[in-house]
Number of protein chains: 2
Amino acid sequence: MQEETTGTKKRIRSDAARNEDAVLEAAKTVFATSGVDAPVREIAKTAGVGVGTLYRRFPKRSDLVVAVFKREVDACAADAKTLAKDHPPGEALSRWLRRYCRFIVTKKGLASALHSGDPAFDALPDYFRSNFEPALQNLLSAAAKAGEARSDIDAYDLLRAIGNLASAGSTSGGKAGGNAGDDPEHHEGMQHTYRMLDLMIDGLRYGKSG
Amino acid sequence: MQEETTGTKKRIRSDAARNEDAVLEAAKTVFATSGVDAPVREIAKTAGVGVGTLYRRFPKRSDLVVAVFKREVDACAADAKTLAKDHPPGEALSRWLRRYCRFIVTKKGLASALHSGDPAFDALPDYFRSNFEPALQNLLSAAAKAGEARSDIDAYDLLRAIGNLASAGSTSGGKAGGNAGDDPEHHEGMQHTYRMLDLMIDGLRYGKSG
DNA sequence: TTCAAATACGGAACAATGTTCCGTTTATCA
DNA sequence: TGATAAACGGAACATTGTTCCGTATTTGAA
């Protein structure tokens with residue numbers, strides 16, 4: 001994403017790069033802990049940085065939100081490739097669907113911001129789709145070719161279906177409780193979501209044919 | 001809505017009543033002009049009132065939003081009765097559907113607030129439905145009985161359909177432009193919405209039978 | 001009509017937040 | 001090592017929601 005040896009311009013100063021990363025990491029944590037509406041100051045403090053530093057890189061609060069969102073979309077999409085390399089096609093597919101499920105639940109708070117009408121977020125749905133659809137399509141195709149999944153499922157349909165599943169299953173509200181032992185992975189709703197997801201995965205395996 | 005001679009408690013002071021009304025009226029105007037996110041101060045100023053006065057009646061900003069919303073739902077639902085009294089059933093029906101259409105377009109900004117997850121607005125969808133559904137049902141039944149509309153249409157379905165129609169047709173964004181000659185009645189989108197609505201109304205007339 | 005008590009009023013003041021500014025510190029490079 | 005450009009930190013500013021309280025108004029009775 002960043003130009004390092006592109007030569008067209010000076011290199012980014014090392015402390016600047018370090019801080020940009022720290023801010024993104026902090027923002028990810030704080031958004032998950034206190035919701036997307038968490039104050040900028042809290043993020044800056046978590047990152048061990050002044051607000052001025054944060055604002056140089058992300059002139060608007062929404063820019064930070066967008067950056068975090070994209071970064072996590074990237075990470076989730078990248079996992080698709082990793083999983084495809086480390087597992088047999090069917091296994092890679094079902095593992096990634098769980099991974100995607102977790103992504104959706106985590107981003108529950110963001111979702112409402114996305115549809116808030118703020119033009120700052122207009123580009124995100126496209127970003128979401130243009131990264132996830134091919135990622136899933138690859139997994140799907142590979143699994144189908146290996147005879148481990150049916151081939152008549154549209155990747156985008158599946159993304160939407162699981163998205164609905166996961167966001168309906170997680171308890172409402174924007175911010176996570178943040179209390180000890182509060183791992184979302186073990187919430188009742190999350191378990192329910194996983195069960196429903198398993199159902200869909202089974203559906204993908206059995207009707208296989210096309 | 002307000003108790004005047006209920007005797008259980010003192011009467012509301014006249015200036016208080018006057019101001020409450022002024023604030024609601026101002027809020028309605030300001031919400032339409034600057035969007036639901038308009039500052040409380042702007043509403044107070046428009047009403048010719050101090051913020052303290054506004055806050056005594058509406059302790060939370062959201063209380064004011066809710067009050068305005070309900071008031072307009074009431075007004076729109078009341079128009080159903082008026083129209084039914086002043087026009088033949090089919091005419092009353094189609095006139096009210098246009099009226100409802102206007103309501104939806106005006107409340108476009110509110111709609112996103114409603115689904116923002118703020119618990120303050122939780123009661124509004126019910127309020128909406130429990131007022132509009134019977135209102136429309138009456139018009140539909142009367143028109144059906146008079147042979148001016150089919151009788152196999154569900155009031156709530158129709159409300160939703162027109163709601164979608166109208167909110168899709170109006171240009172996006174929360175606030176109205178507010179420039180001169182900006183009457184929403186004459187916007188391109190509104191005209192389009194009316195044309196679609198006419199289509200539905202014709203549909204109601206012709207397939208009549210049940 | 002006049003007066004006292006109850007009630008409501010207005011807007012300054014407070015708190016929380018996003019954002020900007022600028023004097024100070026640090027990284028880079030010769 | 002020192003000059004310079006870049007980045008830093010956080011105080012200060014602007015905008016809001018909300019609270020407080022001294023002042024003005026309404027009301028009911030004398």
Side-chain angles (χ1 to χ4, degrees), chain A residues 2-24 26-27 30-31 34-68 113 116 118-121 174-175, chain B residues 2-5 7-24 26-27 30-31 34-68 109 113 116 118-121 174-175:
Chain A
Q2 27 249 29
E3 61 226 317
E4 291 187 325
T5 46
T6 332
T8 44
K9 271 299 172 191
K10 301 239 183 102
R11 266 226 314 277
I12 303 145
R13 243 173 71 168
S14 58
D15 52 349
R18 199 163 40 243
N19 282 331
E20 171 165 344
D21 206 73
V23 166
L24 283 172
V30 170
F31 286 160
S34 313
V36 249
D37 290 332
V40 172
R41 284 166 179 74
E42 186 181 341
I43 297 167
K45 180 179 289 183
T46 303
V49 150
V51 283
T53 298
L54 190 159
Y55 269 93
R56 180 163 328 94
R57 210 73 46 185
F58 307 100
K60 297 284 178 187
R61 195 182 179 292
S62 58
D63 294 332
L64 182 52
V65 174
V66 168
V68 170
S116 70
D118 186 331
F121 302 126
K175 52 186 60 179
Chain B
Q2 27 251 29
E3 60 226 316
E4 291 186 325
T5 47
T8 46
K9 270 301 172 189
K10 301 243 183 95
R11 266 226 314 276
I12 304 146
R13 242 173 73 168
S14 60
D15 53 350
R18 199 164 38 243
N19 281 331
E20 172 165 345
D21 205 74
V23 166
L24 284 172
V30 170
F31 286 160
S34 312
V36 248
D37 290 332
V40 171
R41 283 166 178 74
E42 186 181 343
I43 297 166
K45 181 179 289 183
T46 303
V49 147
V51 282
T53 298
L54 190 157
Y55 269 93
R56 180 161 332 91
R57 211 73 48 186
F58 307 99
K60 296 285 178 185
R61 194 182 180 291
S62 57
D63 294 332
L64 182 54
V65 175
V66 167
V68 169
S116 70
D118 187 329
F121 303 126
K175 52 185 63 180

Non-hydrogen side-chain atoms of A/Phe58 and A/Val40 separated by less than 4.5 Å: no
Any A/Asp37 side-chain heavy atom under 4.5 Å of A/Phe31 side chain: no
Residue met sooner reading DNA chain D from 5', once A/Thr53 and B/Pro59 are mapped to nucleotides: A/Thr53
Which of these nucleotides, [options], is closest to any side-chain atom of [X]?
X: B/Ala16; options: D/dC8, C/dA8, D/dT19; value: C/dA8
X: B/Arg13; options: D/dT26, D/dA6, C/dT17; value: D/dT26
X: B/Arg41; options: D/dT18, C/dG18, D/dT25; value: D/dT18

Please give me the minimum heavy-atom distance between [X] and [Y], naming the atom from each residue.
X: B/Ala120; Y: B/Val66; result: O-CG2, 3.7 Å
X: B/Ala22; Y: B/Ala47; result: O-CB, 3.7 Å
X: B/Leu24; Y: B/Ala67; result: CD2-CB, 3.7 Å
X: A/Val36; Y: A/Arg61; result: O-NH2, 2.6 Å
X: A/Ala38; Y: A/Ile43; result: O-CD1, 4.4 Å
X: A/Ile12; Y: A/Ala17; result: CG2-N, 4.1 Å

Quick one: [X] [atom1] to [N] [atom2], roughly how many Å, whole number?
X: A/Asp15; N: D/dC8; atom1: CG; atom2: P; value: 5 Å
X: A/Ile12; N: D/dC8; atom1: CD1; atom2: P; value: 12 Å
X: A/Arg57; N: C/dT19; atom1: CZ; atom2: C1'; value: 17 Å
X: A/Leu54; N: D/dA11; atom1: CG; atom2: C1'; value: 16 Å
X: A/Asp37; N: C/dT17; atom1: CG; atom2: P; value: 10 Å
X: B/Arg18; N: D/dA24; atom1: CZ; atom2: C1'; value: 13 Å
X: A/Arg11; N: D/dA5; atom1: CZ; atom2: P; value: 18 Å
X: B/Phe58; N: D/dT19; atom1: CZ; atom2: C1'; value: 18 Å

No-H, no-angle donor-acceptor pair, A/Arg61 side chain to C/dT17 base, under 3.5 Å: no
Toward the 5' end of DNA chain C, by each residue's nearest nucleotide, A/Gly52 or A/Val40: A/Val40
B/Asn19 side chain near C/dA8 phosphate (N/O to OP1/OP2, under 4.0 Å): no
D/dT25 OP1/OP2 closer than 4.0 Å to side-chain N/O of B/Ser14: no
When you compare the protein's N or O atoms with those of nucleotides 21-23 of chain D, which come within less than 3.5 Å of each other, and at what distance?
none

Contact list for DNA chain D against residues 43-51 of chain A - heavy-atom distance below 4.0 Å: A/Gly48, A/Val49, A/Gly50, A/Val51
Donor-acceptor under 3.5 Å (B/Asn19 side chain, B/Ala16 main chain): no
Check: B/Thr46 side chain, B/Glu42 main-chain N or O, donor-acceptor pair, under 3.5 Å: yes
